[in-house]
2 protein chains.
Amino acid sequence: MYKKKSKRLARYAKALSHPVRIEILELLENESCCFTGDMVNVFPLAQSTISQHLKELKNAGLIQGELNPPKTKYCINQENWAEAKALLCDFFDMDFSKSTCSI
Amino acid sequence: MYKKKSKRLARYAKALSHPVRIEILELLENESCCFTGDMVNVFPLAQSTISQHLKELKNAGLIQGELNPPKTKYCINQENWAEAKALLCDFFDMDFSKSTCSI
DNA sequence: ATTTCAAATCGTAAAATTACGATTAGTATT
DNA sequence: AATACTAATCGTAATTTTACGATTTGAAAT
């Protein structure tokens with residue numbers, strides 16, 4: 001079987017493997033949080049499709065949704081976001097434990 | 001349509017979205033390069049399946065294969081590897097332009 | 001000219017992904 | 001109670017991914 005780290009990293013990478021999910025996350029990074037409807041207006045996709053992408057991001061653990069009907073407010077899941085970041089840093093040999101780093 | 005950066009990042013992320021591809025890349029990072037057969041021995045997958053994963057990594061631009069039959073030697077494509085790294089750094093707000101950085 | 005060997009490709013089946021329209025759920029308003 | 005609104009879920013079709021065994025390729029060795 002695969003290493004735990006590999007599986008977790010692959011899982012996060014999979015969540016990032018569609019451009020609309022990348023841009024949804026960028027939106028959430030900038031706006032800190034927003035509603036499903038906001039994203040439906042930004043992207044040229046059906047409401048159900050956006051909902052599906054949000055669900056995948058949620059399943060991967062990268063976002064979380066706070067629902068107070070009829071609206072749902074999404075934001076980055078900071079804990080898992082940090083883990084994804086850390087796994088990627090590790091994978092790409094980017095050492096953040098030292099005070100300096102460069103590519 | 002999506003932003004060019006989003007599409008490129010999604011493309012790289014997709015290449016990383018399977019644990020065996022993560023581990024193949026780790027192998028290539030450590031060993032600097034290796035043959036298809038080496039990987040077939042490491043992972044519990046058929047030779048044709050490994051070949052297919054290698055092809056995907058090659059199509060994504062993350063590795064390159066130098067073939068001198070009957071063997072093929074693979075290694076990281078440094079140029080695109082650096083691009084993937086840079087796109088991810090950018091995406092995760094990890095600023096490498098400064099001399100110091102931390103999570 | 002055969003045989004051998006590593007690796008790619010082919011053909012195929014099962015499963016997952018992506019997208020959509022239609023429906024449902026759940027609250028707030030009229 | 002009926003309506004309105006947002007968002008999730010359902011059902012479905014088309015495409016892509018993942019995996020395998022079998023075959024082919026291409027150079028080297030016999």
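Naming convention: chains lettered A, B, ... in sequence-line order (proteins, then strands); numbering from 1 in each chain. On a predicted model such as this, the values are computed, not experimentally measured, just so you know. Computed from heavy atoms alone, side chains included, the values below leave out hydrogens, waters and symmetry copies.
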Sugar-phosphate, base or nothing in reach of B:L45, heavy atoms under 4.0 Å: sugar-phosphate

Sugar-phosphate, base or nothing in reach of A:K14, heavy atoms under 4.0 Å: sugar-phosphate

A:P69 or A:E56, whichever maps to the more 5' nucleotide of DNA chain C: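 Taking each residue's closest nucleotide, the earlier one in sequence belongs to A:E56.
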
Set out, line by line, the N/O atom pairs under 3.5 Å between protein and nucleotides 21-23 of chain C.
residue	atom	partner	partner atom	Å
C:dG21	N7	A:S48	OG	3.3
C:dG21	O6	A:S48	OG	3.1

Sequence neighbours excluded, every pair satisfying ring-ring contact (aromatic ring centres under 6.0 Å, His included) that has a member inside residues 34-56 of chain B: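 Every pair satisfying ring-ring contact (aromatic ring centres under 6.0 Å, His included) with a residue in residues 34-56 of chain B: B:H18-B:H53.
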
Taking [atom1] from [X] and [atom2] from [N], how many angstroms apart are they, rounded to a whole number?
| X | N | atom1 | atom2 | result |
| --- | --- | --- | --- | --- |
| A:H53 | C:dT17 | NE2 | P | 12 Å |
| B:L54 | D:dT18 | CG | C1' | 14 Å |
| A:R11 | C:dA16 | CZ | P | 14 Å |

Interface with DNA chain D, restricted to residues 17-24 of chain A and to heavy atoms under 4.0 Å: none

Listed nucleotide nearest any side-chain atom of A:K71, set C:dA7, C:dC5, D:dA7: D:dA7

N or O in side chain of A:K55 less than 4.0 angstrom from D:dA7 OP1/OP2: no

B:Y74 side-chain N/O to C:dA8 phosphate OP1/OP2 under 4.0 Å: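 Affirmative; the distance criterion is met.
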
